[in-house]
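Accompanying notes for the structure given below.
Only heavy atoms go into these numbers, but all of them, side chains included; no hydrogens, no water, no symmetry mates. For reference, positions follow the sequence shown, starting with 1.
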Amino acid sequence: MAHPLASDAPESHSTAADQAGVFDPAGVFDWLDEAAALRADAGLTRTLRSREAEDGLLDLAGNDYLGLTRHPVVTRAAADAALRWGGGSTGSRLVTGTTALHTELEEELAAFCGVEAALVFSSGYTANLAALTALTDPDTVIVSDAYNHASLIDGCRLARADVHRAPHSDPDAVRRALGERTQRRALVVTDSVFSVDGDAAPLPALSAAARAHGAALLVDDAHGLGVLGPGGRGALAAAGLAGQPDTVATVTLSKSLGSQGGAVLGPRRVIRHLTETARTFIFDTGLAPAAAGAALAALRLLRAEPHRADRTREVARTLAARLTAAGLHACEPDAAVVSVRAPGPEAAVAWAADCRRAGLAVGCFRPPSVPDGISRLRLTARGDLTDAQIAEAVRTITDLAPAGARLH
């Protein structure tokens, strides 16, 4: 049965005033209140919470995997870029929005990841929308993993292609879907590391399935860049697929690289095609110079200090092992994401709030953000965490665990 929140808006009831063509403007958005009440009943209310620059919390909620967001080299590069180029890029990348910083970042990002070319976007979301809409047409089938990120799902919806939703991390199902297609072209789409449980996609097997049927492979490596592969070069490098002619990756600059923005990486002709046809590139203002400068500085730091990727994975494994030893249901991480199951959405929200009051910031994932309907605390390992901070985080989470969270 479909989730009530996924249905259409509540049906409106016709009144005599409606029939006479007289409407009350104040009632136009009454349906929003009904939808909000449904979310509240389901424990799915969400609120914005402002934070101070220094809030004293131990942060395991953000995606600053390498601890570079506040690194002085990165912040100085951001400030210098803003002082030199201005607060914004002034326009579309094809008009005035491409600075020398953008070009440098693209060239160094492509070289670091072992691909021919890169194209920088204002966010990882717009990079995914660009790749999916520009690399498909009505004669294409997209085979998309059931647990893919919302940006990939939205890209599939915007594409003119037929979309097949494949079971999670199931190369055999992908192979069958490709074998049954009638379309001329096909694109297999997956996250490299899934953001809910932190498990890695079977990229070699997915690549083999795609190649067996002449399909391209698109990998969202948002959670792999800076964490996986030699020196943090990403999941494609770890799988031996970097630079392959039938493989494209998207990345974000807002996680391991501590900045903001996104990029598409791949064969030069793919990048040329996106430059000339991708709507989220052509009609979007270019990434702000400060963000480009910060990402470039972070990339150079990672290249000079490859141990940062190793340390991040070590922190994730340590968190998972200690939480599991304490009786909690913690996933075994393949990268930097560690999830801990909660008894339900209300318990997850309360657990996260209790942790915050105790000085620890953790993520809280609930339906419909989680594809399997299971609520979780979501922890993001950081390579700059000390052993004492890891111990503090584990102690706080276990001490405040709600009834039903422990396996025994």
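A donor-acceptor contact closer than 3.5 angstrom links the side chains of Tyr65 and His223.
Looking at Leu377, Leu328, Thr318 one by one, the single match for side-chain contact (heavy atoms from CB on, under 4.5 Å) with Leu323 turns out to be Leu328.
Around atom CZ of Arg46, more than 12 heavy atoms belonging to other residues, nucleotides or ligands sit under 6.0 Å away. Within a 6.0 Å sphere centred on CZ of Arg84, heavy atoms belonging to other residues, nucleotides or ligands number 12 at most. Within a 6.0 Å radius of CZ in Arg165, other residues, nucleotides and ligands contribute 12 heavy atoms or fewer.
A salt bridge links Arg376 with Asp197: the distance from a Lys NZ or Arg NE/NH1/NH2 to an Asp or Glu carboxylate oxygen falls below 4.0 Å. Ionic pairing of Asp64 and Lys255 is not present here: no N-O contact between side-chain nitrogen and carboxylate oxygen is shorter than 4.0 angstrom. Arg395 has no carboxylate O lying under 4.0 Å from a charged side-chain N of Glu392, or vice versa, which leaves the two without a salt bridge. Between Arg76 and Asp80 there is a salt bridge, since at least one side-chain N of the basic residue sits less than 4.0 Å from a carboxylate O of the acidic one. Taking a cutoff of 4.0 Å between a charged side-chain nitrogen and a carboxylate oxygen, Glu305 and Arg308 qualify as a salt bridge. Salt-bridge annotation for Arg269 and Glu116: absent, with no side-chain N of the basic residue lying under 4.0 Å from a carboxylate O of the acidic one. At a threshold of 4.0 Å, the pair Arg300-Glu104 counts as salt-bridged, since one of the basic side-chain nitrogens sits closer than that to a carboxylate oxygen.
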Please step through side-chain hydrogen bond (donor to acceptor under 3.5 Å, both in side chains) for the pair Asp137 and Thr140, ending with a clear verdict.
-> CA-CA 5 Å; Asp137 63 14; Thr140 306; 2.8 Å; yes
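Remark: Thr396 pairs with no residue by the side-chain hydrogen bond (donor to acceptor under 3.5 Å, both in side chains) rule, at least two apart or across chains.
Considering only heavy atoms from C-beta on, Val248 comes within 4.5 Å of Val264 through its side chain. Considering only heavy atoms from C-beta on, Leu228 comes within 4.5 Å of Val193 through its side chain. In this structure the side chain of Asp191 reaches within 4.5 angstrom of the side chain of Leu152, judged on heavy atoms. Contact of the Asn128 side chain with the Phe121 side chain is not registered, since no non-hydrogen atoms from C-beta on lie closer than 4.5 Å.
Among residues at least two apart or in separate chains, ring pair (Phe, Tyr, Trp, His ring centres under 6.0 Å) pairs with a member in residues 156-200 are Tyr147-His168, His168-Phe194.
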